[in-house]
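The structure follows.
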Amino acid sequence: LLELVGLLRKNKFTIVHTHNSKGGFIGRLAAWLAKVPIVVHTVHGFSFHRSESKIRRILFIFLERLAAKITHHMIFISEPLIQWAREQKIVGGGKPATHKIYSCIDFNRFDFEKTIPADLRREYGLPVDAKIVACISKLWPGKGHAFLFEAFKQVAKDLKNVYLFIVGEGELEAQLKQMAHVSELTQKIIFTRFRDDIPQITKAIDLSILVSDFEGMGRILLEAMAMKKPVVATRVGGMVELVDDGVQLDGQGTCGIPHQQCPRNYDTQALGLVVLITGVTIAVAVMTTAAISRLVRRAARRARQSGVV
């Protein structure tokens with residue numbers, strides 16, 4: 001902290017812009033001690049979600065309130081994050097100033113017409129008619145992988161040609177592989193580890209799923225929608241702005257799953273998977289590429305009007 005304060009004082013920065021919880025608290029505290037004129041913080045999510053212990057939630061809320069008092073502008077990537085901050089009295093009364101700027105995706109990378117799908121079935125030795133469900137995320141606590149495995153176990157009993165791809169790496173990799181082994185799903189759950197060809201993978205899969213305890217927005221859902229893929233997601237955080245149940249659109253689908261802390265509803269999750277995989281679409285994508293573009297442009301316009309950018 002003292003080293004950072006010294007760096008800020010030496011270079012006489014006018015603006016300090018921080019991200020995330022830990023870096024955001026330390027960075028804003030250092031900027032305040034160094035008397036930086038303008039401090040901006042972007043909220044991608046909070047650390048006091050339900051999967052944390054009560055003591056940790058109380059501590060994190062206290063620290064967020066404290067940091068907000070020395071912040072001039074706070075940027076949120078979704079409306080639910082703003083509402084959550086207000087409920088916890090982190091923001092309110094115009095101090096600090098709050099702004100909503102949605103996360104965006106690179107449509108040059110996620111270009112449906114130009115992207116050639118990865119040949120995942122050949123690469124992993126799967127049948128040509130295999131249906132692929134992909135969870136693309138870090139293998140960290142809070143991403144809901146254990147919950148997903150329980151649901152997929154039910155799906156795999158009924159649909160023999162369905163495979164679950166776990167795309168990403170992280171601290172839970174060994175534990176999740178052991179869970180797959182215990183569940184006798186090692187032939188059905190495929191760990192790809194880190195991949196840098198996410199657009200190609202997304203175009204090749206049949207369904208994208210994100211079952212996190214909390215997401216500030218869930219940008220992977222936007223990427224899947226841009227590639228015209230159905231999605232399944234827990235109804236938490238910013239994902240509620242992306243997924244709308246029961247809306248018909250171009251034969252694609254989304255399915256919002258009620259989030260229950262304990263126990264989670266595996267049957268509901270499994271139903272969402274079966275419905276979408278078998279093509280009996282009961283709920284579908286609410287955002288086409290054009291719709292996402294309009295959302296991003298509108299957020300950018302608001303940011304310019306508020307003087308943030």
For this session: Flag yes if more than 12 heavy atoms outside Arg121 fall under 6.0 Å of its CZ atom; otherwise flag no.
Result: yes

For this session: Mark yes when over 12 heavy atoms from residues, nucleotides or ligands other than Glu3 sit less than 6.0 Å from its CD; otherwise mark no.
Result: no

Exercise. What pairs with Lys188 under salt bridge (Lys or Arg N to Asp or Glu O under 4.0 Å), at least two apart in sequence or on another chain?
Worked result: none

Exercise. Which residue pairs pass the ring-ring contact (aromatic ring centres under 6.0 Å, His included) test with at least one member in residues 165-187, sequence neighbours excluded?
Worked result: Tyr124-Phe165

Exercise. Among all residues two or more places apart in sequence or in another chain, which pass the salt bridge (Lys or Arg N to Asp or Glu O under 4.0 Å) test with Asp196?
Worked result: none

Problem set entry | Side-chain heavy-atom pair Glu173, Ile166 within 4.5 angstrom cut-off | no

Seminar exercise, completed: Across all chains, not counting sequence neighbours, the salt bridge (Lys or Arg N to Asp or Glu O under 4.0 Å) partners of Arg195 are Glu123, Asp197

Name each donor-acceptor pair under 3.5 Å that joins a side chain in residues 87-95 to protein atoms two or more places apart or in another chain, with its distance.
none

Exercise. Would a 4.5 Å heavy-atom cut-off, applied to side chains only, mark Leu120 and Ile190 as touching?
Worked result: no

Exercise. Between the main-chain N or O of Leu33 and the side-chain N or O of Arg9, is there a donor-acceptor pair closer than 3.5 Å?
Worked result: yes

For this session: With the side chain counted from C-beta on, respond yes when Glu64 and Ser21 share a heavy-atom pair under 4.5 Å apart, and no when they do not.
Result: yes

Cut-off 3.5 Å, no hydrogens considered: what does the side-chain donor-acceptor table look like for residues 10-18, sequence neighbours left out?
unit_1: Asn11; atom_1: ND2; unit_2: Leu7; atom_2: O; d: 2.9
unit_1: His17; atom_1: NE2; unit_2: Thr42; atom_2: OG1; d: 2.7
unit_1: Thr18; atom_1: OG1; unit_2: His41; atom_2: ND1; d: 2.7

Exercise. Is any side-chain heavy atom of Pro117 less than 4.5 Å from a side-chain heavy atom of Gln200?
Worked result: no

Exercise. Above 12 or not: heavy atoms from other molecules or residues under 6.0 Å from CG of Leu1?
Worked result: yes

